[in-house]
Every structure is written in C-alpha cells, then in structure tokens.
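Note that ligands are numbered from 1 as they come in the structure, with each ligand's atoms numbered from 1 the same way. Note that these values count all heavy atoms, side chains included, but never hydrogens, waters or copies made by symmetry. Since the structure is predicted, the reported quantities are computational estimates derived from the model, not experimental observations.
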Amino acid sequence: MQQKGDIAVVGLAVMGQNLILNMNDHGFTVVAYNRTTSKVDEFLNGNAKGTNIIGAYSIKDMLSKLKKPRKVMLMVKAGEVVDQFIDSLIPQLDQGDVIIDGGNSNFADTERRVKTLKKKGIYFIGTGVSGGEEGARFGPSMMPGGMMEAWPTIKPIFKAIAAKTPNGEACCEWVGSGGAGHFVKMVHNGIEYGDMQLICEAYQFMKDLLELDNEHLSAIFTNWNQTELNSYLIEITANILKFQDKEGYVIDRILDTAGQKGTGKWTGINALDLGIPLTLIAESVFARCISAQKNTRLQAERFYGKKAYPHTPISSALLHDLQQSLLFAKIISYAQGYMLMQEASQTYNWILNYGDIALMWREGCIIRSIFLEKIKAAFDRSPQLQNLLFDDYFKSLVQKALPSVRRIVAKGIETGIAMPALTSALSFFDGFTTARLPANLLQAQRDYFGAHTYERLDKAYGQFFHTDWIGSNSNVSSSGYNV
Ligand code: 2AM
C-alpha cells in the first residue's frame with residue numbers, strides 16, 4: 001500500500017510545484033493536487049518523476065491520501081479562489097485538520113478566514129512565502145500566522161524547507177495570531193519597494209549627473225555590496241547593469257515604466273489607516289505611479305525643456321556620500337516599517353516578535369541582507385525597543401551618515417534629479433527629531449475655521465481649548481468632529 005502523505009499542496013503553478021519538490025527533498029511525503037488535473041500528471045511525469053510525490057485527482061482523493069491530522073496547503077491565486085477551496089474543504093475535514101494558505105493573500109482576508117474556521121474547529125494558517133520560484137524550490141523565507149494551536153504540526157515541515165541563515169537558523173518562525181503572517185509578508189513587500197526605489201535613485205544620480213557608464217555603475221554597486229549595504233538587491237543590480245546580449249546592454253533598452261502587483265499599495269493604505277508615517281514606502285509606490293505615466297512625462301519634458309545637468313565630476317567623496325545616503329535611507333525605511341508593524345500588533349492584538357521578523361527576512365527573500373542581522377541584534381538587546389532609531393548602533397550609523405545625506409539631497413534638488421524616497425527619508429528624520437513642530441499653527445488654523453479646539457503646552461494634555469479668533473462671541477466647538 002502507498003505510504004500516506006504528510007501534507008497536501010493544492011495548486012501546481014511554479015510556486016506550488018517548487019514547494020512540493022522542496023518538501024520532498026527534505027523527506028516529507030507530499031500529495032499534489034490541482035483543479036486542472038492534467039497538470040497533476042504533467043507534474044508527476046515531469047519535475048516530480050522519480051520522487052515520492054503522490055498525485056491526487058479530487059479533493060476527496062487528496063484527503064484520503066493524507067495522515068491525520070490532515071494538512072492542506074493552498075498555493076492558488078489569492079482572493080476568491082482561496083475561499084472557494086476552503087468552502088469545498090470544510091465539509092470533508094475533521095476537527096483538528098489544518099488548512100494553510102501560502103498565497104499572497106491580503107491580511108484582512110486571512111483575519112476573516114481565521115475567525116470563520118475557528119468556529120468550525122478547523123485550524124487555519126496564513127503564511128507569507130517569499131523568495132520567488134528559486135526561494136520556493138531551495139529555501140523561502142516563511143512567515144506563518146493564524147491559529148497557533150496548529151503551529152506544532154506544521155513546524156517541522158516549515159522549518160525544514162525554509163531558507164537558513166549563515167548560523168543555520170531557519171528563516172521561519174511563528175509570527176502571530178490572525179492575519180499576522182500575511183501582514184508581515186505585506187510589509188516585507190513594501191520594504192522591498194523602498195529598497196528598490198532607493199537603488200534606482202542612486203543609479204539615476206550616477207548615470208545622469210556623474211555620467212557614468214554601465215560598467216562603471218556595475219563596479220560601484222559591486223563595491224557597495226562589500227559594505228553594510230550587502231544585500232541580494234544590490235548584488236543583482238550590479239549584475240543587471242553589466243549584462244549584455246547581442247544588441248548590447250539590456251538595461252538601456254528597457255522601458256522606464258514600473259509595474260506593481262499591489263502589495264506596496266496595500267502597505268501604504270494600511271499605514272494611512274493606522275496613522276503611521278510610512279513615507280518612504282509610500283513615495284516608492286508613487287514613484288512607480290509617476291514612472292507609469294511615460295507619455296505625460298515625455299510631453300512635460302518637451303513642455304518645460306530637457307534638463308541640462310551641470311557637469312559634476314565623480315569623486316570618491318561623492319560616491320561615499322551616496323553610499324552613506326543609501327544606508328541612512330534604508331535605516332529610515334526599516335524603522336518606518338517596524339513602526340507600522342508595532343502599531344498593527346497593538347491594533348490587531350497579534351504580539352509580534354520583531355527580532356524574529358528580521359531573522360525571517362535574513363535569507364530566502366528579496367530583501368535578504370546582512371543589515372537584517374543588525375535589526376535582529378537590536379531587538380535581541382532590547383525586545384521592547386520603542387523605535388529602531390532609538391537603538392545605539394543605528395543612532396551611530398545615522399549620525400555618521402547625516403552630513404552625507406544632506407549633501408546628496410541638496411545636490412539632487414539643486415540639479416533636478418528626482419529622489420523622492422531619499423528626500424522623504426531625510427524629511428521624516430528631520431521631523432521625527434524635532435520636539436516642537438509647526439503643528440501649533442495647524443491646530444490654530446483648524447480652530448479658526450472649524451472650531452476644532454486645541455490642547456495647550458502649558459496645561460495638562462487632554463484638556464481642549466477654543467479661541468474666538470474673529471470676535472464672534474460664539475462658544476461653539478466641534479471637538480467630536482475629526483477631519
Ligand atoms: P489551474 O491550473 O486549474 O488553473 C495558480 O494560478 C493556481 O491557482 C493554479 O493551480 C490554478 O489552477 C489555481 N486557480 C486559479 N484560478 C482558479 C479557480 N478559479 N479555481 C481553482 N483553482 C484556480
């Protein structure tokens with residue numbers, strides 16, 4: 001008789017297939033199922049040939065081939081399809097069985113599904129899986145959240161297949177309850193947007209202002225990859241810039257219009273919902289939006305005239321400033337991302353472990369970098385760290401980088417190189433480190449035109465005052481009115 005499966009995976013697109021092969025490599029018996037069942041045979045006769053992978057041709061067939069408690073991982077299109085599969089699984093599952101959603105689901109959907117399935121006694125886990133096809137095959141970063149009771153049964157599989165840090169730790173830990181896993185994956189993607197945009201801004205600065213060629217640019221990124229900036233994204237940037245085919249450098253033929261699948265946008269929307277100044281990621285999403293307006297930009301450049309960048313010679317001091325600017329902005333971006341996760345953890349009652357999150361991102365995913373080790377170390381030193389910017393190590397990096405950042409941002413503004421992410425990082429920092437902002441004037445304006453009231457510096461917070469700015473003698477205030 002055929003051995004029973006440890007876990008089933010539904011969905012045989014590339015991510016699903018690669019995760020199955022990865023599980024198989026680690027000694028787990030996997031049952032593979034797909035809506036279009038011809039893909040099951042294609043898989044068994046193709047990539048899965050010679051493995052212990054078991055095919056299934058219906059949900060019933062799949063469930064009958066699993067050990068109990070049964071574990072079914074969905075690797076299908078996010079959205080309604082996940083709900084459809086859950087609906088068809090529910091009547092056939094027993095209490096204690098586990099459904100895992102490994103797709104790119106919105107965390108609010110995961111939150112909802114956890115609640116629904118809890119009532120039915122079925123465990124539900126929503127897990128972020130990052131690292132693309134390569135990661136899925138050889139070790140992704142995995143961010144599971146949902147019903148913790150189910151964690152012990154899936155932990156051995158997840159820990160085995162996840163990426164490993166240089167110290168051998170698995171880049172997979174329990175994230176938190178409800179939609180926490182998918183939320184953290186969403187923030188990961190938002191941070192990815194920021195990291196990419198910052199690299200692109202440095203590229204444009206060096207290409208347009210310093211007039212460096214692709215080989216030179218590639219060499220600089222290779223160099224930076226030996227510094228604190230060491231990361232997958234810097235490494236692939238160096239490779240991309242020097243890549244040539246028969247027609248020459250590929251980078252120079254690619255249309256400057258960025259696509260997006262929406263996770264950066266979700267991160268920005270959530271930050272607005274929770275009132276967190278996630279400025280760098282938001283600017284990075286908007287930078288993609290402005291890039292998408294290619295025709296309008298062509299028109300606008302004709303209308304205002306092409307920029308004539310002043311001759312700016314390359315120097316090691318300037319390159320050092322740029323490297324320091326990237327590092328500074330990266331610190332701000334991660335600090336903002338952590339601010340969002342901290343707020344979400346409180347709002348949604350998740351109890352996130354911030355050091356573990358850095359560990360999960362250390363390898364396997366797109367933002368993997370040595371930088372994340374420093375974040376893990378900061379939260380290990382101080383698990384209650386209020387903000388990454390209050391850590392002494394990051395403070396020393398920020399203080400060292402600041403003069404460089406101011407010079408680069410000034411240069412960009414002076415010469416007309418758009419650097420929205422870098423500039424927003426500096427603006428955020430300058431606001432964040434200013435005890436007295438001009439919001440006193442803002443409150444006065446609100447009180448003037450809308451009687452919104454204000455608190456006072458010289459009185460206990462929580463008491464609200466209104467001034468009769470125009471001598472109307474009216475005592476009306478609209479303290480219950482929030483705009
Ligand atoms: P398919 O091969 O039968 O299309 C990624 O697209 C995965 O999601 C595939 O396994 C795909 O199955 C599945 N999928 C996409 N839309 C689906 C739907 N409406 N119902 C079931 N599975 C779907």
Does Lys159 offer a backbone N or O that forms a donor-acceptor pair with the side chain of Lys164 under 3.5 Å?
yes

Just to be sure I read this right, does ligand 1 sit under 4.0 Å from the backbone of Val10, its side chain, both, or neither, counting only heavy atoms?
neither

What part of Lys39, side chain, backbone, both or neither, has a heavy atom within less than 4.0 angstrom of ligand 1?
side chain

Donor-acceptor check, side chain of Asn34 to backbone of Thr37, threshold 3.5 angstrom: yes or no?
no

Taking only heavy atoms of Asn34 into account, list the atoms of ligand 1 that are under 4.0 Å away from them.
1 (P), 2 (O), 3 (O), 9 (C), 10 (O), 12 (O)

Note the single closest protein heavy atom to atom 5 (C) of ligand 1, along with its residue, its atom name and the distance in Å.
Ala13 CB, 3.8 Å

Please report the interatomic distance OH(Tyr232) to CD(Glu192), rounded to the nearest 0.5 Å.
9.5 Å

Stacked cation flag Lys118 on Phe124, 6.0 angstrom / 45 deg
no

Is Asn18 reaching over with its side chain to a backbone N or O of Ala136, donor-acceptor style, under 3.5 angstrom?
no

Which residue and heavy atom of the protein sit nearest atom 3 (O) of ligand 1, plus the separation:
Thr36 OG1, 2.4 Å

To atom 17 (C) of ligand 1, the nearest of Glu80, Met75, Gln84, Arg35 on a heavy-atom basis is Arg35

With heavy atoms of Val81 as the reference, note each atom of ligand 1 found under 4.0 Å away.
16 (N), 17 (C), 18 (C), 19 (N), 20 (N), 21 (C), 22 (N), 23 (C)

Ligand 1 to Leu12, heavy atom cutoff 4.0 Å, flagged ligand atoms 10 (O)

Run the numbers for me: atoms of ligand 1, each under 4.0 Å from some heavy atom of Val76, listed by number.
7 (C), 8 (O)

Nearest neighbour in protein (non-hydrogen) for atom 8 (O) of ligand 1
Lys77 N, 3.3 Å

Ligand 1 atoms nearer than 4.0 angstrom to some heavy atom of Gly11 are 10 (O)

Kindly confirm or rule out a cation-pi arrangement of Lys374 over Tyr393, judged by NZ or CZ under 6.0 Å from the six-membered ring centre and within 45° of its axis?
yes

Check this for me: does any side-chain nitrogen of one of Asp195 and Lys330 sit under 4.0 Å from a carboxylate oxygen of the other?
yes

Which residue, Tyr338, Phe328, Tyr334, Phe371, forms the ring-ring contact (aromatic ring centres under 6.0 Å, His included) with Phe394?
Phe371

